[in-house]
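Contents: one structure, followed by commentary.
Just the heavy atoms: all of them, side chains too, but no hydrogens, waters or symmetry mates, feed the values below.
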Amino acid sequence: MTRYVGHYAPRMLTTLVGLLIVLTLVPAAAAFVPWQALTLIMVATVGLTLSIFAHNRHLCERCVSGMPLDASAVAARYGLRFRAAHLFERKLLALGYLATVVGSAILSANPAGRYAWALSQASLVYLLLVYVTHQRLQPWCPYCGNGGEENTTPSTPSPLSTQI
């Protein structure tokens, strides 16, 4: 069940983040949303995230059937997304991004800071799109190194000396 939900979870998460962006930009609408609904959104977000991880651990027939026939040509068009997917391998950059997201959340009380917070939330949607694209086209990612496996050249053994 979680793998089935995990297949559609990125779209559902995008919808939830879009709802949060609307609530951020329209403070009058946020006044009508009870805290229980926001708690439910947070629980749904965690559940959807876990279902994405469960989905990606197994082969999904829907994903395979949706794979383009010319996947290498399609992957060639997503160079920026692949670069963004590998950008957070550097821990300092990931921590800087996380600090920016948290900092913009703190600024959300300010009317001008609300736009920074909404932009930060929109970047989360883009990163989700990057993750899904990279997950589906990973064998053709130029930054993964042979589809996630390092291509090592086998070493040739040195010949044994035959001196007696």
Side-chain angles (χ1 to χ4, degrees), residues 1-68 71 74-75 77-141 143-144 147-148:
M1 179 69 180
T2 52
R3 285 188 275 167
Y4 176 78
V5 172
H7 181 77
Y8 299 104
R11 292 183 196 127
M12 290 186 254
L13 274 175
T14 302
T15 303
L16 285 177
V17 173
L19 175 69
L20 290 176
I21 290 172
V22 169
L23 291 176
T24 300
L25 292 177
V26 184
F32 294 112
V33 178
W35 66 270
Q36 294 92 346
L38 293 175
T39 305
L40 182 66
I41 289 173
M42 189 170 26
V43 169
T45 301
V46 170
L48 288 172
T49 303
L50 292 175
S51 66
I52 287 175
F53 291 141
H55 171 262
N56 289 341
R57 298 207 184 276
H58 301 282
L59 186 62
C60 175
E61 292 179 18
R62 287 180 201 87
C63 291
V64 171
S65 67
M67 187 71 66
V74 172
R77 288 184 273 158
Y78 292 123
L80 184 62
R81 286 189 194 175
F82 289 142
R83 189 180 306 262
H86 289 276
L87 197 60
F88 293 111
E89 289 176 350
R90 299 183 184 124
K91 291 184 182 174
L92 185 62
L93 209 57
L95 288 174
Y97 175 75
L98 187 62
T100 303
V101 169
V102 170
S104 63
I106 293 170
L107 294 175
S108 67
N110 184 354
R114 254 189 238 123
Y115 294 105
W117 176 231
L119 186 64
S120 173
Q121 291 170 339
S123 74
L124 291 173
V125 171
Y126 179 72
L127 286 178
L128 183 64
L129 179 66
V130 163
Y131 176 75
V132 169
T133 303
H134 184 266
Q135 187 66 30
R136 295 210 172 124
L137 298 174
Q138 186 176 8
W140 298 277
C141 176
Y143 304 105
C144 279

Inset, instruction - Starting at CD of Gln121, measure out to CG of Leu19 and round the result to the nearest 0.5 Å. - result: 10.0 Å

Legend entry - Among Val132, Val125, Leu128, side chain to side chain contact (heavy atoms under 4.5 Å, CB included) partner for Leu13: Leu128

Inset, instruction - Output the distance between atom CG (Leu20) and atom OG1 (Thr24), rounded to the nearest 0.5 Å. - result: 6.5 Å

Legend entry - Verdict with reasoning, Val130 to Phe88, per side-chain contact (heavy atoms from CB on, under 4.5 Å): CA-CA 12 Å; Val130 163; Phe88 293 111; over 6 Å; no

Inset, instruction - Carefully, step by step, assess Val5 and Met12 under the rule side-chain contact (heavy atoms from CB on, under 4.5 Å). - result: CA-CA 9 Å; Val5 172; Met12 290 186 254; 4.0 Å; yes

Inset, instruction - Just jot down the side-chain hydrogen bond (donor to acceptor under 3.5 Å, both in side chains) partners of Thr14, sequence neighbours excluded, or say none. - result: none

Legend entry - Taking every non-hydrogen atom, the tightest pair across Pro10 and Gly6: CD-O, 3.5 Å

Inset, instruction - Sequence neighbours left out, what passes side-chain contact (heavy atoms from CB on, under 4.5 Å) with Leu124? Give chain and number order. - result: Tyr97

Inset, instruction - State which residues pass ring pair (Phe, Tyr, Trp, His ring centres under 6.0 Å) with Phe53; sequence neighbours excluded, sorted by chain then number. - result: none

Inset, instruction - Please name the pair of heavy atoms, one in Leu137 and one in Ala75, separated by the smallest distance, quoted to 0.1 Å. - result: CD1-CA, 4.1 Å

Ignoring hydrogens and angles, write down the donor-acceptor pairs under 3.5 Å from the side chains of residues 100-110, residues two or more places apart or on other chains.
unit_1 : atom_1 : unit_2 : atom_2 : d
Thr100 : OG1    : Gly96  : O      : 2.8
Ser104 : OG     : Thr100 : O      : 3.2
Ser104 : OG     : Val101 : O      : 2.9
Ser104 : OG     : Ser120 : OG     : 3.3
Ser108 : OG     : Ala105 : O      : 2.7
Asn110 : OD1    : Ala112 : N      : 3.3

Inset, instruction - Determine the sole option in Leu50, Thr49, Val43 for which the side chain to side chain contact (heavy atoms under 4.5 Å, CB included) test with Val46 is passed. - result: Leu50

Legend entry - For Phe82, ring pair (Phe, Tyr, Trp, His ring centres under 6.0 Å) partners two or more places apart: His134

Inset, instruction - Would you mind reporting whether Cys63 and Gln135 have side-chain heavy atoms less than 4.5 Å apart? - result: no

Inset, instruction - Calculate, to the nearest 0.5 Å, the distance between atoms OG1 and CD1 belonging to Thr15 and Ile41 respectively. - result: 11.5 Å

Can I get a per-line list of side-chain donor-acceptor pairs under 3.5 Å for residues 25-40, giving both atom names and the distance, sequence neighbours left out?
unit_1 : atom_1 : unit_2 : atom_2 : d
Thr39  : OG1    : Trp35  : O      : 2.9

